[in-house]
Amino acid sequence: MNVISTNALMKSFGVLGMVEELLWVWHRMKENGIEPSLFMYNLLMDGFVNSMFVESAEKVFDAMESGKVLPDVVSYNILIKGCCKVGKTRKGLEKLKEMEVKRVFPDKITYMTLIQSCYSEENLDSCLRLFNDMEEKELEIPSHAYSLVISGLCKAGKSVEGFCVFEGKGVKPNVAIYTALMDSYAKSGNGDGIMKLFQRMKDEGFEPDEVTYGVIVNSLCKTGKLDNAVEYFNFCKESSVQINAMFYSSLIDGLGKAGRVDEAEKLFDEMVDKGCTRDSYCYNALIDSFAKCGKMDEALMLFKRMEEEGCDQNVYTYTILISGLFKEHRNEEALKFWEMMIDKGITPTPASFRALSTGLCLSGKVARACKILDELAPMGVLPEAAYEDMIHVLCKAGRIEQACKLADGIVDRGHEIPGRVRTVFINALRKSAKYLKVGCRDSIIDVHPNCYEGIAVSNGLRS
DNA sequence: ATAGGGTTAG
């Protein structure tokens with residue numbers, strides 16, 4: 001055994017994640033009196049990190065720091081990669097700071113590892129900070145860094161800022177960057193911006209791929225331009241663009257919302273012939289289409305089929321069914337789906353609770369909704385605007401008395417009534433002055449002095 | 001030796 005064979009073995013085992021074998025070589029090496037080099041330390045650390053033994057990698061790192069062979073930038077990069085891999089990005093960022101102190105200079109890999117991790121955690125601020133750091137240090141900025149920063153801005157709804165970075169010098173555009181910008185434009189309602197960028201990327205010789213077309217079709221569906229969306233879809237089918245489930249879910253959703261349920265269903269059936277697996281997005285879109293046009297039994301059948309096909313039923317599936325069932329006054333069934341969802345360990349979202357509470361409030365079961373809301377709190381789910389929504393729903397339905405009772409209950413629980421809700425009350429009171437006579441008047445006046453003014457206005461309107 | 005993009009939901 002010599003240094004060269006040790007290096008070769010460690011490299012192979014490290015890449016393959018064969019930690020035991022890696023350690024075997026390490027021990028044989030020590031037995032043979034070979035002092036581990038920086039190279040070998042790094043190989044060992046990388047082997048550990050690749051096998052998710054990040055703590056072991058850290059121990060190696062610490063051993064280096066207290067030994068003869070000091071960690072270099074690669075050691076740091078591997079350790080930072082390990083931190084990011086196990087979700088400890090903050091720790092990775094701290095290691096970057098530590099590098100400054102230890103006078104080990106971070107390189108583009110250090111930054112890319114961290115930017116990547118911050119990006120996947122949707123930590124835009126850190127992404128931008130790291131990116132600026134890179135610029136300041138005059139490191140070579142890989143195209144990928146621009147992708148991440150622009151996409152990060154786009155995801156955060158800052159399409160204008162994203163476009164500014166894109167237009168800045170040093171950016172090498174690619175299909176992914178164009179697509180991210182187009183999607184962001186779509187989400188901010190800039191339909192013209194999308195098509196302009198689409199044209200521009202083609203003019204520059206970039207070939208739009210299935211993700212780009214997916215974004216276009218989705219955007220057209222969302223803005224109700226369904227025939228246009230179908231045209232692009234057909235174009236993709238005829239050319240070499242790979243059709244995926246996203247095309248189908250976007251179109252099914254759009255067609256369903258436009259009341260073209262038959263066409264939506266046809267596309268859903270077509271997926272099998274095309275060898276395209278139906279995911280939860282597709283199922284949910286079609287279930288929603290059925291629910292929206294009162295075909296609840298068809299929707300429920302799809303729910304069953306989802307289970308049979310092994311497609312995950314998620315919080316969206318349940319929310320669609322719960323609100324659909326309430327709309328048909330099938331209250332007990334709706335409640336059953338809520339319970340089923342909780343039993344399955346699916347965490348409710350504010351929107352799912354909104355569906356439930358709206359249904360319960362409108363069928364006069366405000367107390368029941370409050371009870372369920374109380375049960376959610378220990379689960380760590382407390383839809384912030386839940387009570388607000390309920391008051392809103394009740395006011396809109398003209399049930400101001402109940403809304404007031406609810407407002408009192410909220411104050412009893414130690415919550416405050418935000419100004420927005422007062423406005424809701426005032427508007428409701430204006431609309432139906434007769435409610436001024438009932439008990440709610442006290443509750444509003446007692447709890448929310450600002451409403452005096454509202455009632456005065458309301459009185460004024462009446463006289 | 002170490003880092004690598006973009007899309008879908010009530």
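In what follows, every chain begins at residue 1, and chains take the letters A, B, ... in the order their sequences are listed. Treat the numbers as computed from the prediction; the structure is a model and nothing was measured.
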Tell me which nucleotide among B:dT8, B:dG5, B:dG4 gets nearest to the side chain of A:K222.
-> B:dT8
To the nearest Å, how far apart are A:I80 CD1 and B:dG4 P?
-> 13 Å
Side-chain N,O (A:K81) to OP1/OP2 (B:dA1) below 4.0 Å | no
Which part of the nucleic acid, if any, lies within reach of A:T110 when heavy atoms closer than 4.0 Å are counted: base, sugar-phosphate only, or nothing?
-> nothing
Where the side chain of A:M112 is concerned, which of B:dA3, B:dT7, B:dT2 is the nearest nucleotide?
-> B:dA3
Among B:dG6, B:dT8, B:dG4, find the nucleotide with the atom closest to the side chain of A:Q116.
-> B:dG4
Do A:Y178 and A:E204 have side-chain atoms, one donor and one acceptor, less than 3.5 Å apart?
-> yes
Kindly say whether, by distance alone, the side chain of A:N314 makes a donor-acceptor pair under 3.5 Å with the base of B:dA9?
-> yes
Would you check if the distance from the ring center of A:F303 to the ring center of A:Y318 is below 6.0 Å?
-> yes
Between B:dG4 (P) and A:I177 (CD1): distance, integer Å | 17 Å
Look at the side chain of A:D209 against the base of B:dG6 and say whether a donor-acceptor pair falls under 3.5 Å; ignore hydrogens and angles.
-> yes
Just compare B:dG5, B:dA9, B:dG6 and give me whichever is closest to any side-chain atom of A:V211.
-> B:dG6
Would you mind classifying the nucleic acid contact of A:K257 as base, sugar-phosphate or nothing, using non-hydrogen atoms under 4.0 angstrom?
-> sugar-phosphate
Given B:dT2, B:dA1, B:dG6, the nucleotide with the shortest approach to the side chain of A:I109 = B:dT2
Distance flag, aromatic centroids of A:Y248 and A:Y281, threshold under 6.0 Å | no
Pairs where residues 235-245 of chain A contributes a residue and the test side-chain hydrogen bond (donor to acceptor under 3.5 Å, both in side chains) is met, not counting sequence neighbours = A:K237-A:E270
Counting side-chain heavy atoms from CB outward, which of B:dT7, B:dG4, B:dA1 is closest to A:H144?
-> B:dG4
Taking the side chain of A:D183 as its heavy atoms from C-beta onward, which of B:dT8, B:dA3, B:dA9 lies nearest to it?
-> B:dT8
Of all the nucleotides listed (B:dT7, B:dG6, B:dG5), which has the minimum atom distance to the side chain of A:L148?
-> B:dG5
Using a cut-off of 4.0 Å on non-hydrogen atoms, how would the nucleic acid contact of A:Y119 be classed: base, sugar-phosphate, or nothing?
-> sugar-phosphate
Have A:S75 and A:N42 got a donor and an acceptor in their side chains that come within less than 3.5 Å?
-> yes
Base, sugar-phosphate alone, or nothing: which one does A:T179 contact when heavy atoms must sit under 4.0 Å apart?
-> base
Could you please name the option among B:dG6, B:dT7, B:dA1 that lies closest to any side-chain atom of A:A180?
-> B:dG6
